Student: 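There's a structure below that I have some questions on.
Proteins get letters first, then strands, A, B, ... in listed order; numbering begins at 1 in each. Quantities reported herein were computed from a predicted structural model and do not represent experimental measurements.
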Amino acid sequence: MSTSARDERDYFERIYTVADQVPRGQVATYGDLATIVGEGCDARIVGHALGALGARAKTVPWQRIISRTGGISTSGHGQRELLEAEGVAFDEKGHVRMAAHHWEGPSEEWARAHGFQPLPRRPGSAPDPQLRLF
DNA sequence: GTGATGACGATAT
DNA sequence: TATATCGCCATCA
């Protein structure tokens with residue numbers, strides 16, 4: 001097999017593409033991005049990709065990518081400020097309210113169009129019923 | 001090629 | 001919920 005998706009070895013580009021799909025006011029975890037990218041991608045790969053953003057940090061919403069615990073290790077980069085500016089609510093402990101801002105993933109149509117995978121549903125992780133207006 | 005590192009995840013306690 | 005331990009994979013020295 002050649003021209004395999006993995007053969008492209010452009011994990012970073014894919015991760016950037018998926019991260020760019022995260023809507024404003026929402027956040028996604030490294031694991032989610034890795035799942036969407038698939039092809040053996042892992043949460044750490046996403047972390048490395050975001051760490052290698054460099055000049056692309058201005059075009060990729062890296063601030064919307066946080067750890068699964070909702071905490072941010074990038075303290076000092078103003079990530080929290082960026083998220084708050086987008087309307088993301090934080091907990092008293094500095095954790096993002098995942099239940100209210102967790103990204104559901106890209107549309108299946110978009111995912112297929114780009115060769116990605118839709119994000120599987122998380123049992124028990126339904127959006128906050130109180131915030132579930134409309 | 002090997003070892004160490006890392007913007008992590010999942011599970012167990 | 002927080003902490004501890006293991007795993008997982010790409011990149012760097």
Side-chain angles (χ1 to χ4, degrees):
Chain A
M1 319 5 152
S2 41
T3 60
S4 210
R6 237 162 80 192
D7 229 336
E8 298 290 319
R9 72 190 183 280
D10 279 288
Y11 274 104
F12 295 174
E13 285 294 329
R14 283 189 193 175
I15 292 165
Y16 300 154
T17 303
V18 177
D20 188 54
Q21 301 305 313
V22 182
R24 178 174 171 278
Q26 287 192 302
V27 295
T29 66
Y30 298 94
D32 291 347
L33 268 289
T35 303
I36 294 164
V37 174
E39 295 298 328
C41 190
D42 209 75
R44 281 213 163 122
I45 311 302
V46 177
H48 284 299
L50 296 178
L53 266 167
R56 296 187 202 291
K58 297 182 293 189
T59 57
V60 178
W62 57 270
Q63 61 272 27
R64 293 169 194 159
I65 312 303
I66 58 179
S67 61
R68 180 191 169 272
T69 57
I72 47 184
S73 305
T74 59
S75 302
H77 290 271
Q79 182 173 14
R80 181 169 175 174
E81 288 184 1
L82 290 170
L83 290 175
E84 285 183 322
E86 293 185 352
V88 177
F90 279 78
D91 201 327
E92 291 286 334
K93 299 176 183 176
H95 292 110
V96 180
R97 291 189 179 181
M98 303 296 290
H101 298 285
H102 189 211
W103 185 39
E104 297 178 348
S107 59
E108 296 180 17
E109 194 175 340
W110 183 93
R112 280 181 65 182
H114 289 262
F116 290 118
Q117 251 183 6
L119 196 62
R121 281 234 165 160
R122 280 203 192 178
S125 185
D128 214 319
Q130 294 183 340
L131 295 173
R132 182 168 164 229
L133 311 176
F134 301 82

Student: What protein N or O atoms touch nucleotides 5-8 of chain C N or O atoms at under 3.5 angstrom, if any, and at what distances?
Tutor:
residue : atom : partner : partner atom : Å
C:dC8   : N3   : A:R44   : NH1          : 2.8
C:dC8   : N4   : A:R44   : NH1          : 3.4

Student: Take atom NE2 of A:H102 and atom P of B:dG9, then tell me their distance rounded to the nearest Å.
Tutor: 10 Å
Student: In whole angstroms, how far is the P atom of C:dC9 from the CZ atom of A:R14?
Tutor: 16 Å
Student: May I have the distance from A:I45 (atom CD1) to B:dT5 (atom P), rounded to whole angstrom?
Tutor: 17 Å
Student: Taking OH from A:Y11 and C1' from C:dA10, how many angstroms apart are they, rounded to a whole number?
Tutor: 8 Å
Student: Take atom CG of A:L53 and atom C1' of C:dT11, then tell me their distance rounded to the nearest Å.
Tutor: 15 Å
Student: Going by atom types alone, do A:T29 and A:D32 pair a side-chain donor with an acceptor below 3.5 Å?
Tutor: yes
Student: Provide the closest heavy-atom pair for A:A19 versus A:P61 in the form atom of the first, atom of the second, distance.
Tutor: O-CG, 3.1 Å
Student: Among C:dT11, C:dA2, B:dA7, which nucleotide sits nearest the side chain of A:Y30?
Tutor: B:dA7
Student: Using atom NE2 of A:H48 as one end and atom P of C:dA13 as the other, report the distance to the nearest whole Å.
Tutor: 13 Å
Student: Identify, with sequence neighbours excluded, every residue that meets side chain to side chain donor-acceptor pair (under 3.5 Å) alongside A:T69.
Tutor: A:S67
Student: Figure out the CG/P separation between A:D32 and B:dA10, and round it to whole Å.
Tutor: 8 Å
Student: Please give me the minimum heavy-atom distance between A:V18 and A:W103, naming the atom from each residue.
Tutor: O-CH2, 4.0 Å
Student: Got A:H114 and A:R14 here, is their nearest side-chain heavy-atom distance under 4.5 Å?
Tutor: no
Student: Show me, pair by pair, the donor-acceptor contacts under 3.5 angstrom made by side chains of residues 80-96 of chain A, not counting sequence neighbours?
Tutor:
residue : atom : partner : partner atom : Å
A:E86   : OE1  : A:R64   : NE           : 2.9
A:E86   : OE2  : A:R64   : NE           : 3.3
A:E86   : OE2  : A:R64   : NH2          : 2.9

Student: Which whole-number value in Å describes the distance from A:L50 CG to C:dC9 P?
Tutor: 19 Å
Student: Can you tell which of C:dT1, B:dG9, B:dA7 lies closest to the side chain of A:S73?
Tutor: B:dA7
Student: Categorize A:G31 for me: base, sugar-phosphate, or nothing, with a 4.0 angstrom heavy-atom threshold over every strand shown.
Tutor: sugar-phosphate
Student: To the nearest 0.5 Å, what is the distance between CG (A:L53) and CZ (A:F12)?
Tutor: 9.0 Å
